Amino acid sequence: MISVCTNLIHNAVRHTETGTTITVKWEKHFTEACLTVSDNGQGIDNEHISHLTERFYRVDKGRSRDKGGTGLGLSIVHHIVQRHHGNLEITSTRGKGTNFVACFQLTNNT
């Protein structure tokens with residue numbers, strides 16, 4: 001869970017412009033606990049959304065490399081969420097921001 005949190009938050013900080021608001025929250029929704037990391041930054045074009053969790057995928061290859069990214073962070077997040085029988089949803093609107101929501105099923109012990 002720490003890797004999910006740190007990767008999503010780090011990506012939001014790394015890939016948004018100065019002055020962007022980043023919101024991090026945990027919420028309980030009936031039988032799920034959901035982590036949401038959202039921003040009001042530049043957003044991501046729709047053509048990239050379905051590829052973001054692929055290993056080594058970068059939206060802007062040159063810019064990501066300059067910032068030290070390997071293109072593995074979201075792949076790791078996706079893998080961890082799946083291993084915990086969860087769901088990762090990514091939505092974005094160009095010019096308005098991006099939302100990453102990782103939801104995990106709660107057990108009777110939670």
Side-chain angles (χ1 to χ4, degrees):
M1 289 301 159
I2 292 170
S3 290
V4 170
C5 295
T6 56
N7 269 301
L8 291 178
I9 294 166
H10 189 215
N11 278 352
V13 171
R14 178 188 283 185
H15 296 291
T16 57
E17 304 296 325
T18 301
T20 300
T21 299
I22 299 167
T23 304
V24 179
K25 64 182 174 180
W26 274 102
E27 294 181 300
K28 182 177 178 183
H29 298 280
F30 301 106
T31 62
E32 295 181 315
C34 297
L35 168 67
T36 302
V37 178
S38 59
D39 66 67
N40 65 347
Q42 67 271 17
I44 303 166
D45 289 329
N46 284 335
E47 67 191 67
H48 299 291
I49 299 294
S50 64
H51 301 287
L52 290 177
T53 58
E54 295 174 7
R55 290 186 308 155
F56 307 113
Y57 188 82
R58 297 177 182 172
V59 172
D60 182 344
K61 294 176 184 2
R63 188 174 72 185
S64 294
R65 190 173 300 120
D66 290 344
K67 293 184 178 188
T70 61
L72 288 173
L74 290 176
S75 176
I76 291 168
V77 166
H78 187 247
H79 180 74
I80 292 169
V81 170
Q82 284 186 324
R83 295 287 285 173
H84 289 290
H85 307 289
N87 182 50
L88 177 65
E89 181 180 326
I90 305 168
T91 57
S92 187
T93 302
R94 196 73 168 137
K96 293 189 177 183
T98 304
N99 294 301
F100 291 87
V101 182
C103 292
F104 303 90
Q105 291 296 312
L106 295 173
T107 63
N108 292 334
N109 299 339
T110 310

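Being a predicted model, the structure only gives us computed values, none of them experimental.
- The CG atom of Asn46 lies 10.0 Å from the OG1 atom of Thr91; values are rounded to the nearest 0.5 Å.
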Could you go through residues 2-11 and list every donor-acceptor pair under 3.5 Å that involves a side-chain atom there, pairing it with any protein atom two or more places apart or in another chain?
{"from": "Thr6", "atom 1": "OG1", "to": "Ile2", "atom 2": "O", "distance (Å)": "2.9"}
{"from": "Thr6", "atom 1": "OG1", "to": "Ser3", "atom 2": "O", "distance (Å)": "3.4"}
{"from": "Asn7", "atom 1": "ND2", "to": "Ser3", "atom 2": "O", "distance (Å)": "3.0"}

Exercise for review: Given side chain to side chain contact (heavy atoms under 4.5 Å, CB included), test Ile44 with Ile49 step by step and report yes or no.
Suggested key: CA-CA 7 Å; Ile44 303 166; Ile49 299 294; 4.0 Å; yes

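- Atom CG of residue Leu88 and atom NE2 of residue His79 lie 13.5 Å apart, to the nearest 0.5 angstrom.
- Cluster annotation: Val101 is not connected to Phe104 through the hydrophobic network of ILVMFWY side chains, with a link wherever side-chain heavy atoms come within less than 4.5 Å.
- The CD atom of Gln42 lies 6.5 Å from the OG1 atom of Thr16; values are rounded to the nearest 0.5 Å.
- Applying the salt bridge (charged side-chain N to carboxylate O under 4.0 Å, His left out) test to every pair with at least one member in residues 91-106, sequence neighbours left out, gives these pairs: Asp45-Arg94.
- By the side chain to side chain contact (heavy atoms under 4.5 Å, CB included) test, Thr23 pairs with Thr21, Ser38, sequence neighbours left out.
- Going from atom CD of Glu17 over to atom CG of Asn40 covers 11.5 Å, rounded to the nearest 0.5 Å.
- Residues satisfying the side chain to side chain contact (heavy atoms under 4.5 Å, CB included) test with His85, not counting sequence neighbours, are none.
- In this structure, the side chain to side chain contact (heavy atoms under 4.5 Å, CB included) partners of His51, at least two apart in sequence or on a different chain, are Glu54, Tyr57.
- Counting heavy atoms from C-beta on, the side chains of Thr36 and Phe100 never come closer than 4.5 Å.
- In this structure His84 satisfies the side chain to side chain donor-acceptor pair (under 3.5 Å) test with no other residue, sequence neighbours excluded.
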Point to revise | Criterion side chain to side chain contact (heavy atoms under 4.5 Å, CB included) on Thr98 and Val37, from CA distance to verdict | key: CA-CA 8 Å; Thr98 304; Val37 178; over 6 Å; no

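- Side chain of Glu89 to main chain of Asn99: no donor-acceptor pair is present (N/O by atom type, distance under 3.5 Å, no hydrogens or angles).
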